[in-house]
Amino acid sequence: MTGPGASSVAARSTRPLIVVSNREPYLHTYGPDGRLRWSKTPGGVSVALDALMRERGGTWIAHGAGPADRDVVDRHDRLRVPPDGPRYRLRRLWLTEEEERRYYGGFANEGLWPLCHVVHVRPIFRAKDWAFYQRVNARFAETIDEELPAVRTPVFIQDYHLALVAAELRRRRPEVRMALFWHIPWPHADRLRICPWRRDLLRGLLANDLLAFQVERDRRNFVQAAREELGAAVQGGLVELGGHFTRVTAVPIGVDYDRILAFATDEALKAEMDRLRRELQITTPIIGVGVDRLDYTKGIPERLDAIDQLLADRPDLRGKVTFVQVGVPSRSRIASYRNIEAVIDRKVADINARHRTAEGHEPIRYRKSALKLRRLVALFSLADFCIVSSLHDGMNLVAKEFVAARQDLDGVLVLSELAGAAQELTDALIINPYDVEGFARALSRAVDMPPAERRTRMRALQKTVAGSDVFRWASEILADLEEHGAVSYPGTARSRAATGPDLR
Ligand code: F6P
């Protein structure tokens, strides 16, 4: 390890893990030539957890969603991954079309996702989706039970798809130590009341020994809801319900800093940057980038409006700026996602038509596909500024990836104050995506920022991002789980030995 992120490595534990998530880290398909192919799931969270599993080993349990997934597993639905250099085991769990549609598309993504993000999209809750959510969560618990070698192996559950898993697993294996990380925001108690099954969700989550959120505000919202909705007792970081104690914390997730650093300092970077510049036909001196899943929470239309405003305010920039938007299609079966894609398509076409120069230069390059990490680092390295303009976001790892990629200490991060990342990355140019004029002024400032200021800001940002990478995030959660798990379950030898605090 050579980079600044190496400081966190010392704290890493080596005990194997069980990680559980809806989305799998590797997916198998057949190419047009009929040959079997595999790909890595894009997205910061998946990349971050894969890094952790490569390091610790163990089993990752997830929904097998790839068309060729079934053809590569053994008779226990397992395979070793990464396929090109196995380090841990992937156990695939199969869902029917209806299970996927109702548990993932319906309850998780039409219900919980808009419930937890303040973005003015109406959450949809259907009783049938809820029934499927319960059923699929129970199946995940059953699968963990099958894979769990010993109760001492920590189980690390991910996100809003799996809120009920801990309660179900607890029924089967009372002494298992479980932590769940909630990657997205947790809503205020007033908003949570929209959900008819909020109490079941709260109870399910409180079956974990440790429950971690991205930022303190989410943690506070959760604790308030547990108190108001269930009458749970709260003291310090502990929430008690029916004699069971859950430690509730805020631990912001980080990126695999050293891996990004390796790409950013690789001698092949320059060639990759040149290739990208040619492919995207960028000839302007100023380049901006945005990289997002095509999700209505990401504030992409608002960002396009700000660019539009910038070009209107600063005619001197016409023909001098290219903004590259990478949009990864996501959850496209859901109407609100199809709508946002259409809105973005229209805006890009409209802005390009209105700001096209006599020489034919259009300000926006829009690419609808995911990029491999090496290419992503090259794209970030080309940029004079990177925009993260979420309307609401648990963390936003793109902001941290951009910072980690800029080993040249150049580039300006323009970051929404409504993303969790803004709590830590205070040296970014902070914007409010609802304030189009203020946003455009920040872009103007980014374009004109003197090199010395860019350097000072980027150095400070890098210190923050390197100092709390994904390994530190995981060690903090798992060390906390292992250290404090002993007071967590009533009626067992462990809990009888530890009396637990009086919370009333
Ligand atoms: O940000 C929340 C999250 O669930 C991440 O964990 C994940 O990277 C992202 O959304 C992608 O979601 P999906 O699995 O629906 O593509």
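In each ligand, atom 1 is the first atom listed, and ligand 1 is the first ligand listed.
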| note | If you scan protein heavy atoms around atom 11 (C) of ligand 1, the nearest is R293 NE, 3.5 Å
| Subset of ligand 1 atoms that lie under 4.0 Å from at least one heavy atom of Y160 | 4 (O)
| Backbone N/O of L461 and side chain of D427: donor-acceptor pair under 3.5 Å | no
| note | closest protein heavy atom to atom 15 (O) of ligand 1 is Y104 OH, 2.5 Å
| field | Nearest-contact summary for atom 8 (O) of ligand 1 - protein heavy atom, Å | value | V45 CB, 3.9 Å
| With a cut-off of 4.0 Å, which atoms of ligand 1 are near a heavy atom of W113? | 2 (C)
| query | If only atom types and distance count, is the side chain of R198 paired as donor or acceptor with the main-chain N or O of C195 below 3.5 Å? | reply | yes
| message | Does the structure place the NZ or CZ of R219 under 6.0 Å from the centre of the six-membered ring of W186, at an angle of no more than 45° from the ring's axis? | response | no
| With a cut-off of 4.0 Å, which atoms of ligand 1 are near a heavy atom of I184? | 2 (C)
| Between D74 and R89, is there a side-chain N and carboxylate O pair less than 4.0 Å apart? | no
| note | min-distance protein heavy atom vs atom 12 (O) of ligand 1 -> R331 NH2, 2.8 Å
| said: Would R92 and D77 count as a salt bridge (Lys or Arg N to Asp or Glu O under 4.0 Å) here? Give the steps. | reply: CA-CA 6 Å; R92 285 176 171 151; D77 298 326; over 6 Å; no
| Would you say the side chains of D71 and Y30 form a donor-acceptor pair under 3.5 Å? | yes
| message | Whether the H183 and Q158 side chains hold a donor-acceptor pair (N or O, under 3.5 Å, no angle test) is what I'd like checked. | response | yes
| request: Say whether M395 and ligand 1 are in contact under the criterion: heavy-atom distance to a ligand atom below 4.0 Å. | output: no
| R139 to W94, cation-pi by 6.0 Å centre distance and 45° axis angle | no
| field | Parallel, tilted or perpendicular, as decided by the 30° and 60° cut-offs, for the rings of Y104 and H161 | value | parallel
| N22 N/O under 3.5 Å from ligand 1 N/O | no
| said: Geometry only, no angles: is R23 polar-contacting ligand 1 at N/O separations under 3.5 Å? | reply: yes
| query | Looking at ligand 1, does Q158 have a heavy atom less than 4.0 Å from it? | reply | no
| Heavy-atom distance from atom 3 (C) of ligand 1 to the protein below 4.0 Å? | yes
| said: Among all protein heavy atoms in this structure, tell me which lies nearest to atom 6 (O) of ligand 1, with the distance rounded to 0.1 Å. | reply: D159 OD2, 3.2 Å
| With atoms numbered from 1 as shown, which atoms in ligand 1 lie under 4.0 angstrom from a non-hydrogen atom of H161? | 4 (O)
| N or O pair under 3.5 Å between H183 and ligand 1 | no
| query | Parallel under 30°, tilted from 30 to 60°, perpendicular over 60°: which one fits the rings of F213 and W182? | reply | tilted
| Heteroatom distance test (S330, ligand 1): nitrogen or oxygen, under 3.5 angstrom | no
